[in-house]
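As structure tokens, the structure follows; a few thoughts come after it.
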Amino acid sequence: MAVPLFNLAPDLSVSRLCLGTMTFGEQNSMPESFRLLDHAFAAGINFFDSAEMYPVPQRADTQGRSEEYLGRWVRDRKIPRDRVVLATKVSGPSGQMTWIRDGPMCLDAWNISKAIDNSLLRLRTDYIDLYQIHWPDRYVPMFGEFEYDPTHQYSAITVEEQLEALGKAVASGKIRYVGLSNETPYGVMKFLHVAERVPSYPKIVSVQNCYSLLCRTFNSGMAECCHHERISLLAYSPLAMGILSGKYFLPDGGPPDARLNLFKGRYSEGESRYNLSNSTVSAAVMGYLKIADKYGLRPVALAVAFVLRHPLVASAIFGATKRQQLQEVLDACNVELSPEIVAEINQIHANFPNPCT
């Protein structure tokens with residue numbers, strides 16, 4: 001059974017599973033990446049997500065490889081361009097990735113236009129189907145932070161400048177649609193309101209935020225925004241960086257090449273959010289593993305099926321370093337959760353709400 005499609009925007013149908021590429025060029029070599037892409041494409045996945053900063057953990061000597069591998073695959077396999085949906089992202093202000101336009105220090109029009117041109121070159125394509133702002137150019141608590149602190153706000157590039165740059169890229173044919181990532185209800189509504197005032201500014205069609213059994217914060221305020229404004233959620237990390245597969249709770253702590261083992265102490269963004277030593281995280285995961293076992297489901301199937309049942313989710317963005325992992329996610333696409341299973345999931349969530357935000 002092929003992966004079903006979702007109409008994300010006019011003339012833009014995406015598979016309900018999206019293969020993320022952030023391991024390509026670090027955990028996966030080019031041949032390995034090609035094999036994963038081949039298998040995903042043959043199964044009906046047409047949607048592939050990348051970012052200019054990938055792979056992770058980010059390093060100067062690997063930056064951009066994920067886009068390069070994806071572009072090489074499309075070219076070498078001679079895949080008609082209209083049969084794949086390519087999504088990528090421009091990095092927000094960091095200051096730490098000095099190899100990406102000196103930081104980048106901000107997300108102004110120059111940075112956006114340069115990032116688009118460089119991604120087009122690496123992807124070996126004339127256009128990008130969905131171009132996303134990876135994280136906002138303003139203070140926002142994210143990647144393990146919980147509460148907003150107004151004293152952390154800094155002078156930010158205006159939404160108007162960002163939308164003008166993105167609008168020019170749309171008009172020139174470099175990108176087709178625009179999305180946001182790691183955003184808040186305020187950010188989504190701000191982008192929508194500004195776009196309403198200027199006809200040449202593109203309206204965002206999607207937001208790529210974390211959503212999983214361990215992180216349901218999207219339902220608090222973002223869901224209402226997206227529902228009324230017809231913005232689709234691209235749910236990333238549906239397996240909570242592999243935690244929900246249960247592999248890290250095996251007696252041996254999981255395979256040594258599993259991401260949180262392989263990059264222990266070197267991947268602060270991931271480790272701060274997916275903290276294996278957090279007792280609340282462990283208790284929640286063990287609860288979900290018991291539900292899966294009780295109903296004869298693989299833990300991956302439970303986690304992915306939960307995400308896909310959300311009415312606002314267009315696609316679940318997942319990563320895989322091995323074919324077996326990829327196949328498990330593909331199999332999960334055919335799983336439907338009964339009301340009894342959902343009720344038990346919700347009870348675990350009530351006991352341990354959102355331990356990985």
Short side-chain donor-acceptor distance under 3.5 Å, Ser237 and Tyr274: yes

Asp102 atom CG, neighbour heavy-atom count above 12 within 6.0 Å: no

Arg138 versus Thr184, side-chain donor and acceptor atoms under 3.5 Å: yes

Steps toward side chain to side chain donor-acceptor pair (under 3.5 Å) verdict (Ser50, Thr21): CA-CA 5 Å; Ser50 195; Thr21 64; 3.0 Å; yes

Check ion pair Glu26-Arg59 (N to O, under 4.0 angstrom): yes

Asn28 CG to Leu36 CG distance, which is reported to the nearest 0.5 Å: 5.5 Å

Salt bridge Arg124-Glu67, side-chain N to carboxylate O under 4.0 Å: no

Side chain proximity check, Leu17 to Phe47, heavy atoms < 4.5 angstrom: no

ILVMFWY clustering at 4.5 Å (side-chain atoms), partners of Tyr139: Tyr148, Tyr154

Under 3.5 Å: donor-acceptor pair, side chain of Glu52, backbone of Ser91: yes

Reported OG-to-CD1 distance for the pair Ser119 and Ile175, which is rounded to 0.5 angstrom: 10.5 Å

Closest contact, heavy atoms only, Asn346 versus Arg216: OD1-NH2, 2.9 Å

Arg176 and Ile128: CA distance, side-chain angles, deciding distance, side-chain contact (heavy atoms from CB on, under 4.5 Å) verdict: CA-CA 6 Å; Arg176 296 180 64 200; Ile128 296 163; over 6 Å; no

Side-chain touch Cys210/Arg273, heavy atoms, less than 4.5 angstrom: yes

Gap between atom CD1 of Ile243 and atom CG of Leu260 - 0.5 Å precision: 5.5 Å

Side-chain (Ser181) to main-chain (Gln208) donor-acceptor, under 3.5 angstrom: yes

Trace of the side-chain contact (heavy atoms from CB on, under 4.5 Å) decision for Val188 with Ile204: CA-CA 8 Å; Val188 168; Ile204 63 170; 4.1 Å; yes

Other residues, nucleotides, ligands: >12 heavy atoms within 6.0 Å of Lys203 NZ: yes

Charged N-O contact under 4.0 Å between Arg298 and Asp331: no

Ring centroid separation His134 to Tyr54 under 6.0 Å: yes

Heavy-atom donor-acceptor pair, Asp49 side chain to Gly20 backbone, under 3.5 Å: no

Within-4.5 Å side-chain heavy-atom neighbours: Leu70 and Leu86: yes

Student check: side-chain heavy atoms of Asn261 and Pro256 closer than 4.5 Å: no

Asp149 vs His152 side-chain heavy atoms within contact, under 4.5 Å: yes

Gap separating the CD atom of Gln162 from the CD1 atom of Ile112, nearest 0.5 angstrom: 5.0 Å

Stepwise side-chain contact (heavy atoms from CB on, under 4.5 Å) test for Trp110 and Glu161: CA-CA 10 Å; Trp110 180 85; Glu161 179 173 346; over 6 Å; no

pair Tyr248-Arg259: side-chain heavy atoms closer than 4.5 Å: yes

SB check Lys264 Glu271 (cutoff 4.0 Å): no

With Phe48, the ring-ring contact (aromatic ring centres under 6.0 Å, His included) member among Phe318, Phe24, Trp73: Trp73

Side-chain donor-acceptor pair present, Thr125, Arg81, cut-off under 3.5 Å: yes

Lys322, NZ: over 12 other non-hydrogen atoms inside 6.0 angstrom: yes

Side-chain heavy atoms of Leu239 within contact of Ser212, under 4.5 Å: no

Closest contact, heavy atoms only, Pro141 versus Glu147: CB-O, 3.6 Å

Trace of the side-chain contact (heavy atoms from CB on, under 4.5 Å) decision for Asn182 with Tyr236: CA-CA 10 Å; Asn182 296 300; Tyr236 77 75; 2.5 Å; yes

Crowding at CD, Glu160 (>12 non-hydrogen neighbours, <6.0 Å): yes

Whether over 12 other heavy atoms sit under 6.0 Å from Arg101 CZ: yes

Any donor-acceptor pair under 3.5 Å from Asp137 side chain to Cys106 backbone: no

Greater than 12 external heavy atoms within 6.0 Å of Asp61's CG: yes

Other residues, nucleotides, ligands: >12 heavy atoms within 6.0 Å of Tyr295 OH: yes

Exceeds 12 heavy-atom contacts within 6.0 angstrom, atom CD of Gln153: yes

Residues Asp11 and Tyr177: side-chain donor-acceptor under 3.5 angstrom: no

